[in-house]
Every structure is written in structure tokens, then in C-alpha cells.
Amino acid sequence: MEYKETEIKGVWIIEPNVFDDSRGYFFEAWKAGEFEEHVGPIHFIQDNESKSSYGVLRGLHYPKGEFSQAKLVRVIKGRVLDVAVDIRKSSPTFRKHVMVELSEDNKRQLFIPRGFAHGFLVLSDEAIFTYKVDNVYAPQHEAGICWNDPDIDIHWPIDSKNVVTSEKDLKAPQLCDADVFE
Ligand SMILES: Cc1cn([C@H]2C[C@H](O)[C@@H](COP(=O)(O)OP(=O)(O)O[C@H]3O[C@H](C)C(=O)[C@H](O)[C@H]3O)O2)c(=O)[nH]c1=O
């Protein structure tokens, strides 16, 4: 696998080595030792999976405080634009974001450390999104930031009238009003 740190320190793009043959393909999707060698120690405790259709935008979400989660995300069907936003007020990249296309074709992964809001927009008819997290799910500590916050200025390639979000996400505050990390 190839590990490349993005312009935001701590956020990594991981490109797997894919072995194609007449039967299909094989690749190592997760390798603890190699990850630790390149990125650092991590202890994932849960795998998640969601399926969404075109135009669905899940996010921007983050669990608050001690329930913050690091995530290793990838797409096993379809194509999404994945976004990680640095919401640590003391960070030199506070409010900055990374946007990466993840798809069944590129098999690319994005590692998002704790202290970030995360979201993705589905660009294909359907997308199956799967990811590892390093902390328990604590619904009462879940928080969000609105996907179209002008201060973050994410250039989602979709007309806002075609975006499909959850009721919860429709009510998310802007970053300036959100309870973020110090
Ligand atoms: C995250 C999570 C959810 N759920 C249940 C709670 C709801 O009944 C249902 C859907 O939850 P939610 O609407 O929060 O799912 P997403 O909108 O995909 O949220 C996720 O999407 C963004 C992109 C993320 O990065 C987070 O992992 C997470 O916030 O699954 C669980 O039972 N366990 C869990 O760990």
C-alpha cells in the first residue's frame, strides 16, 4: 500500500496494491503493522457500512469531546466525494478541509484522525461506504456542521436542490456556532 499525507497534517490517503487476474482482483485492505509504521498507532474497534443513492450527503458529522473518532474510510461500490474538515480551534489548519474521490475503481482510502468533521456526497447511482472507527458510538455526543457552511466553503459538485440529507443534518449549525475541539 502507498501512504501519502495530505496538506492537512494527520490526514492520509492510502492507495492499495491491487492484484488483478483472470478471476478478478485481490488487495490487502487493512494492515495494522504497516499503518502504524507510516501513520502511527491506532486501535480500531468497530466497522461500519452504509448504502446511499445519488445526491445523498451524509455529514458533516463528528462525535464531541472524548467520544471523537478517528476513521479509515473507503467505498466498495460506486463513487463518493469524501471530505474531512479540521475543527480543532488550536490547529494551524482549523476550518481547512481535504476533499478526495473514493470509489470501487480507485479503492482509495482516507484516514481521518480525531478532531475532524466528516462527510461525503454520493456521485454514483448508488454507493456502499465502509469504514473503521477507533471509539464507541455515543449518539448523545454526536454533532454536526452544515454541509454548505460558507466559512468552510466546500465545493460540492452538485446543485444544492439535488442534495439529499437527513432531518438531523438539515438542522446542523454553522462551524462558528458549533461545539468543536480546542
Ligand atoms: C454512526 C452510527 C449510527 N448508528 C445508527 C443510528 C441511526 O439509527 C442509523 C443511522 O445513523 P446516522 O444517520 O448517524 O448515519 P450517518 O448519517 O451515516 O452518520 C455517519 O456518517 C458520517 C459520514 C460519519 O462519518 C459518521 O460515522 C456518522 O455520523 O445508524 C449506529 O447504530 N452506530 C453508529 O456507529
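For ligands, and for the atoms within them, numbers begin at 1 and follow the listed sequence. Remember, predicted model here, so these are calculated numbers, not experimental data.
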Closest to atom 2 (C) of ligand 1 (judged by heavy-atom distance), picking from Tyr131, Phe120, Tyr137:
Tyr137

State whether the side chain of Asn106 and the backbone N or O of Glu101 hold a donor-acceptor pair below 3.5 Å, judged by distance alone.
yes

Ligand 1 atoms nearer than 4.0 angstrom to some heavy atom of Gln46 are 35 (O)

Tell me whether Lys168 has any N or O atom under 3.5 angstrom from an N or O of ligand 1.
yes

Return the CG to OG1 distance between Asn48 and Thr130, rounded to the nearest 0.5 Å.
7.5 Å

Using a strict 4.0 Å threshold on nitrogen-to-oxygen distance, state whether Asp134 and Arg114 make a salt bridge.
yes

For Gln69 and ligand 1, does the shortest N/O to N/O distance drop below 3.5 Å?
no

With rounding to the nearest 0.5 angstrom, report the OG1 to CD1 distance, Thr93 to Ile8.
5.0 Å

Quick check: Phe120 with His97 (ring centres under 6.0 Å apart)?
no

Ignoring hydrogens, tell whether any protein atom lies closer than 4.0 Å to atom 8 (O) of ligand 1; use the non-hydrogen atoms only.
no

Would you say atom 30 (O) of ligand 1 touches the protein, meaning some protein heavy atom is under 4.0 Å from it?
no

For atom 15 (O) of ligand 1, what is the closest protein heavy atom, and at what distance to 0.1 Å?
Arg58 NH1, 3.8 Å

Which part of His61 is near ligand 1, with near meaning a heavy atom under 4.0 Å away: side chain, backbone, both or neither?
side chain

For Glu104 and Arg79: C-alpha separation, side-chain torsions, deciding distance, then whether salt bridge (Lys or Arg N to Asp or Glu O under 4.0 Å) applies.
CA-CA 7 Å; Glu104 67 182 283; Arg79 193 161 68 94; over 6 Å; no

Could you list the atoms of ligand 1 found under 4.0 angstrom from a heavy atom of Glu142?
29 (O)

In ligand 1, the atoms that come under 4.0 Å of a heavy atom of His118 are 23 (C), 24 (C), 25 (O)

How many angstroms lie between atom CE of Met1 and atom NE2 of His38, to the nearest 0.5 angstrom?
9.5 Å

One finds that the ligand 1 atoms under 4.0 Å from a non-hydrogen atom of Lys71 are 24 (C), 25 (O), 26 (C), 27 (O)

If only side-chain N and O atoms count, and only distance matters, is there a donor-acceptor pair under 3.5 Å linking Ser103 with Arg108?
no

